[in-house]
Amino acid sequence: MDLRPSPEEVAFRQEVRDYIRANLAPETHRVMIEGRIPTKGQVVAWQQALNARGWATPAWPSEWGGPGWSPVQRAVFLDELHQAPAPEPVSFNVAMLGPVLIRYGTQAQKERFLPATANLDIWWCQGFSEPGAGSDLAAVRTSAVRGHDADGDHFIVDGQKIWQGMAHHADWMFTLVRTDPQAPKKQTGLSFLLIDMTLPGVTARPIITIDGRHEVNEVFLDNVRVPADCLVGAENDGWSVTKSLLSSERTNIARIGMTKHILRRVKAMTSDDPSLGVKAAAIEAELKMLEVTQLRVLDAQRHSDGADPRSSVLKLKGVELRQAASELLVAACGIDTLRAEAAGPEAIADPLGTALPNYAILRAASIYGGASEVQKTIVAKNILGL
Amino acid sequence: MNLELTDDQRMLKDMLDRLVADTGGVEAHRAAARMPRGWSPDMWREIVELGLPAMLLDEALGGLAGGGTELMIVGEALGRGLIAAPYLENGVLAAPILAAGDGDTAARALASLIDGSRSHALVTEGVTATGDRLSGAVRNVRGGDSADTLIVAAGDGIFIVPADAEGLRREGYPVHGGGRAANLHFDAVAATRILTGEAARKAVAAAEARRITYLAAMALGLASHALDTTIDYLNTRVQFGQPLGANQSLQHRAAEMYVELEQLRSATILAACMLDEADQLERERVMVAVAATVARTTRFIAQQAVQLHGGIGVTDEHVIGHCFLNLTAITIALGGVDANVTRLSDLGGFVSREPYWEAAR
C-alpha cells in the first residue's frame with residue numbers, strides 16, 4: 001500500500017495553487033482568511049476567473065465544459081481552495097443543479113442554462129426545505145398545478161420554502177413541488193421545477209442567523225405561473241431527480257482543508273497558552289486519519305462510481321472536527337471575541353471579531369446536508385445491516 | 001496512491017485468516033493465559049512454520065522482505081483471533097534488530113529466532129552500559145520472563161544477553177489481557193555488543209515505529225471483531241418483543257463505533273505506509289498521532305461493545321470482555337491519548353502556524 005501522491009498529482013496540486021495565487025483578488029483572499037462572507041461581486045468574479053480556466057465545474061463532463069478530472073484531482077482542487085482559503089464555485093450551481101440538468105435536462109434546458117450556470121451569470125438557490133419538511137424532505141407541500149392558457153403549458157405554484165442560502169443573490173431557484181397530491185406514496189407525487197426569482201408572486205425574505213448575518217432566506221410562492229418547459233425530468237418523478245442531486249459530489253464533504261485553515265488561526269495564537277496547542281494537536285491527529293479515510297473512499301471510486309455509504313462517515317467526522325476547531329478558536333480568542341462589531345486595533349486576540357459568529361453558525365453544519373442523526377441511520381442500515 | 005494488496009499480500013492474508021479461523025478465538029485465548037509462558041507453544045510452532053518470524057527480513061536472510069503492509073496484515077489477523085503468541089517480541093521487534101546487528105552472536109540469535117527455538121525480548125530503557133557490562137533495572141518488559149535471549153539498548157549500543165546470564169534477575173508475572181511480562185535487574189551483566197552509535201539509535205527508533213504499527217493493527221483486528229460481534233448481538237438478542245437493533249439509539253451508537261473503527265483502520269494504514277519513511281520527524285509525528293488514535297478510538301469501541309452486550313459483556317466466558325481487556329492493554333502499552341497528543345504538539349503537529357501559501361506543509 002502507498003498513500004503518497006503520484007508525481008503527476010503533486011504537479012497538479014502545484015498548478016492549482018499557482019493559479020489560485022495568481023488570480024484570486026487580494027481583497028477576496030483577505031475576507032476568506034478572516035472568516036468573513038465574500039460579497040456577491042467577489043464570488044462572481046472568482047468563479048468567472050475559474051471558469052475562464054475551465055475549472056468552475058470540476059465534476060461536469062467535458063461535453064459541458066468540465067475539465068475531465070479524476071475524483072482525486074477534484075478533491076485536490078477543492079482542498080487547495082479550502083486551504084488557500086478561496087471561495088468554492090457556488091455549490092448550488094456547480095455541485096447540485098449542473099449535474100442534475102446534465103442527467104435529466106432536455107437539450108434545450110442544457111443549452112439554455114448550463115453555460116450561464118457555470119459562469120455564474122445565473123446564480124441558483126435551492127428550494128427544497130419547507131417549514132413542515134426538513135429532514136423528512138418528501139413531506140413537501142408546495143403545490144404545482146398543471147394548466148394551459150393562451151401563453152402555453154404552465155404550472156401554478158403555491159407554497160413556502162425555507163433555508164434558501166443566498167437567495168438574495170439568486171436569479172433562479174430549483175425546487176421540489178407536489179404535482180400529484182393523490183399519489184399513493186408521498187415520494188411519488190413530486191416534481192422538480194426551475195423558478196425564475198423575478199416572476200410575479202415570488203418573494204424572498206431574509207432570515208438572520210445567530211451569527212448576525214444574512215445568508216439564508218424564506219421564499220414565498222404565491223400563485224406563481226411557471227412555464228412548463230421549466231420542469232426537469234418527468235412529471236411526478238422529482239424524487240428521483242432530487243435523490244440524484246443529493247448524492248452527487250459528496251467526496252469532499254469532509255471539508256478537511258477548511259478545518260486546517262481554522263487550526264492555522266488557532267496555532268498562530270497558541271504561544272501564550274501551550275494547552276491550546278495540545279488541544280489543536282488532538283484535532284490534528286483525528287484530521288490526519290480523516291484525510292486517509294477520504295483517500296480510501298476516493299480510491300474505491302476508481303473501481304465503482306456508485307454511492308459509497310462511507311461518505312456518511314466523512315460527513316459525520318468532518319463536521320465534528322470542523323466544529324471542534326471553530327470552538328477551539330473561540331477559546332483561543334478569549335473574552336475579546338465577545339466584541340460583536342468589527343474590532344479596532346485595541347482588540348488583540350480576535351482582531352477580526354469572526355471567531356464567535358463562525359463557531360455559532362457552524363453548529364448548522366451538523367444539521368444541513370443530512371443531519372448527523374440521519375447520517376448515523378444511513379450507516380446503521382446501509383453499512384451495518386441493523 | 002495505491003491501496004490494493006499484492007497477490008503475495010493477499011495470500012498471506014488468506015493464510016492467516018485460515019490459521020485464525022482454525023485455532024483462534026476466546027477458548028484458545030483463555031487456555032493460553034494459563035500456560036507457563038502465557039502463550040501456546042503449539043500456536044507459536046504453527047506461526048514459526050509459516051515463516052512469519054522472518055517476515056520483515058530480506059530474502060537473503062530467509063525472510064519474506066515484508067514491510068508495513070505485511071505487518072498490518074499479520075497484526076490485524078492475530079488481533080482478530082485473540083492469538084496469544086510472542087510475535088511482537090520476536091518477529092516485530094527483535095528480528096530486524098538482529099538482522100542489522102554485527103557478528104556471529106547476532107547471526108546465531110537470529111537463526112534461533114527464525115526457527116523458533118529461542119524466544120526474545122527487547123529492552124530499550126533503564127539499563128546503562130559500562131564497556132560490555134550492563135547494569136540497571138527495568139519494569140514491564142513484554143515477554144521478559146519467557147525470553148531465552150534479551151536484546152538491550154543501553155548507552156550508545158545494542159547488546160545481546162542470554163536470559164540465564166550471571167547477574168541477571170527476572171521477576172515474571174502474568175499481565176491483563178493475556179501474555180506475561182517481567183521486571184528485570186541487571187548487575188554488571190556480561191553482554192555482546194551488536195550495534196553502536198547512530199545505527200543503534202536508528203534501530204531503536206525503527207523498532208518503536210514497528211511496535212506502534214503492529215499494535216495499531218492488532219487493535220484494529222480486535223476492534224473490528226468487537227463491532228462485528230456487537231452487530232450480531234443487536235440483531236439477534238430480543239428484548240421488549242423486538243431485536244435490540246430495532247432501537248434507534250442503539251443503531252446510532254453502533255454507527256458511532258463504525259465511524260471510529262474507520263478512523264482506526266485509516267490510522268493503521270497510515271502507520272503501515274509510513275513505517276519506512278526516511279523523514280524521521282514526519283514518521284514520529286505520524287506514529288504518535290496513530291498511537292493517540294488507537295487509544296481514543298478503541299476506548300470508545302471497547303466500552304460501547306461491552307455496554308451493548310449487557311451483563312454477558314463483563315463475563316470471562318464471552319469474547320467481548322477479552323476484546324475489551326486486550327484493547328485496554330494495547331492503549332496502556334501505547335501510552336494513552338494525552339501523552340501522545342502532547343508529544344504531537346511538541347513536534348509541531350501537522351498543520352503549520354504560517355498561512356498556507358507561506359508554509360504549505
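Throughout, a chain's letter reflects where its sequence line sits, starting with A, and its residues are numbered from 1.
Residue A/L290 touches chain B through both its backbone and its side chain, counting heavy-atom pairs closer than 4.5 Å. Contact of B/T342 with chain A is made through backbone and side chain together, with heavy-atom distances under 4.5 Å. Heavy-atom distances place no part of B/L244 under 4.5 Å from chain A, backbone and side chain included. Interface remark: B/V288 contributes no atoms to any contact with chain A (heavy atom separation under 4.5 Å). With a threshold of 4.5 angstrom between heavy atoms, A/I20 approaches chain B through its backbone and through its side chain. Interface residue A/H29: only side-chain heavy atoms are found under 4.5 Å from chain B. Residue B/A254 touches chain A through both its backbone and its side chain, counting heavy-atom pairs closer than 4.5 Å. Heavy atoms closer than 4.5 Å to chain A are found in the side chain of B/M72, but not in its backbone.
With hydrogens and angles ignored, the 3.5 Å screen pairs no side-chain donor or acceptor of B/N247 with any backbone N or O of B/L250. With hydrogens and angles disregarded, no donor-acceptor distance shorter than 3.5 Å links the side chain of A/Q14 to the backbone of A/A11.
Per-residue counts of heavy-atom pairs under 4.5 Å with chain B were compared for A/I383, A/L316, A/I378; the largest is that of A/I383. Per-residue counts of heavy-atom pairs under 4.5 Å with chain B were compared for A/E286, A/E80, A/R4; the largest is that of A/E286. Ranked by non-hydrogen atom pairs under 4.5 Å with chain B, the options A/E291, A/E373, A/K381 are led by A/E373. Between chain A and the options B/L270, B/N340, B/D346, the largest number of non-hydrogen pairs under 4.5 Å is found for B/L270. Of the listed residues B/C273, B/A292, B/G68, the one with more heavy-atom pairs under 4.5 angstrom with chain A than any other is B/C273. Ranked by non-hydrogen atom pairs under 4.5 Å with chain B, the options A/V266, A/L386, A/L287, A/V313 are led by A/L386. In terms of heavy-atom pairs under 4.5 angstrom with chain A, the leader among B/E260, B/R253, B/R343 is B/E260. Per-residue counts of heavy-atom pairs under 4.5 Å with chain B were compared for A/K288, A/E9, A/R21, A/K279; the largest is that of A/R21. When each of B/V259, B/I269, B/D338, B/V290 is scored by its heavy-atom pairs under 4.5 Å with chain A, the top score falls to B/I269.
Between the side chains of A/Y19 and A/E15, not a single donor N or O lies within less than 3.5 Å of an accepting N or O.
Here the closest non-hydrogen pair linking B/A267 and B/T293 is CB-CG2, 3.9 Å.
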* To do: List the steps, then state whether side chain to side chain donor-acceptor pair (under 3.5 Å) holds for A/S275 with A/D273.
  => CA-CA 5 Å; A/S275 77; A/D273 182 357; 2.7 Å; yes
* To do: List the steps, then state whether side-chain contact (heavy atoms from CB on, under 4.5 Å) holds for A/L329 with A/Y359.
  => CA-CA 8 Å; A/L329 184 60; A/Y359 158 67; over 6 Å; no
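Results of the side-chain hydrogen bond (donor to acceptor under 3.5 Å, both in side chains) test with A/T293 over B/R265, B/E262, B/Q263 single out B/Q263 as the only residue that passes.
Aromatic ring centres of B/H309 and B/H318 lie closer together than 6.0 Å.
Contact check on B/K13 versus B/D17 returns a salt bridge, with a Lys/Arg side-chain nitrogen under 4.0 Å from an Asp/Glu carboxylate oxygen. Contact check on A/E34 versus A/R30 returns a salt bridge, with a Lys/Arg side-chain nitrogen under 4.0 Å from an Asp/Glu carboxylate oxygen. For A/K260 and A/E284, the salt-bridge test fails: no basic side-chain N is under 4.0 Å from an acidic carboxylate O. Salt-bridge formation is not detected for the pair A/R296/A/D299: no Lys NZ or Arg NE/NH1/NH2 atom is positioned less than 4.0 Å from an Asp or Glu carboxylate oxygen. The existence of a salt bridge linking A/R13 and A/D79 is confirmed by a sub-4.0 Å separation between a basic side-chain nitrogen and an acidic carboxylate oxygen.
The contact list for residues 295-307 of chain B toward chain A, using heavy atoms and a distance under 4.5 Å, reads B/R296 by residue number.
Note on ring orientation: taking the six-membered ring where Trp is involved, the planes of A/F77 and A/W69 are tilted (angle from 30° to 60°).
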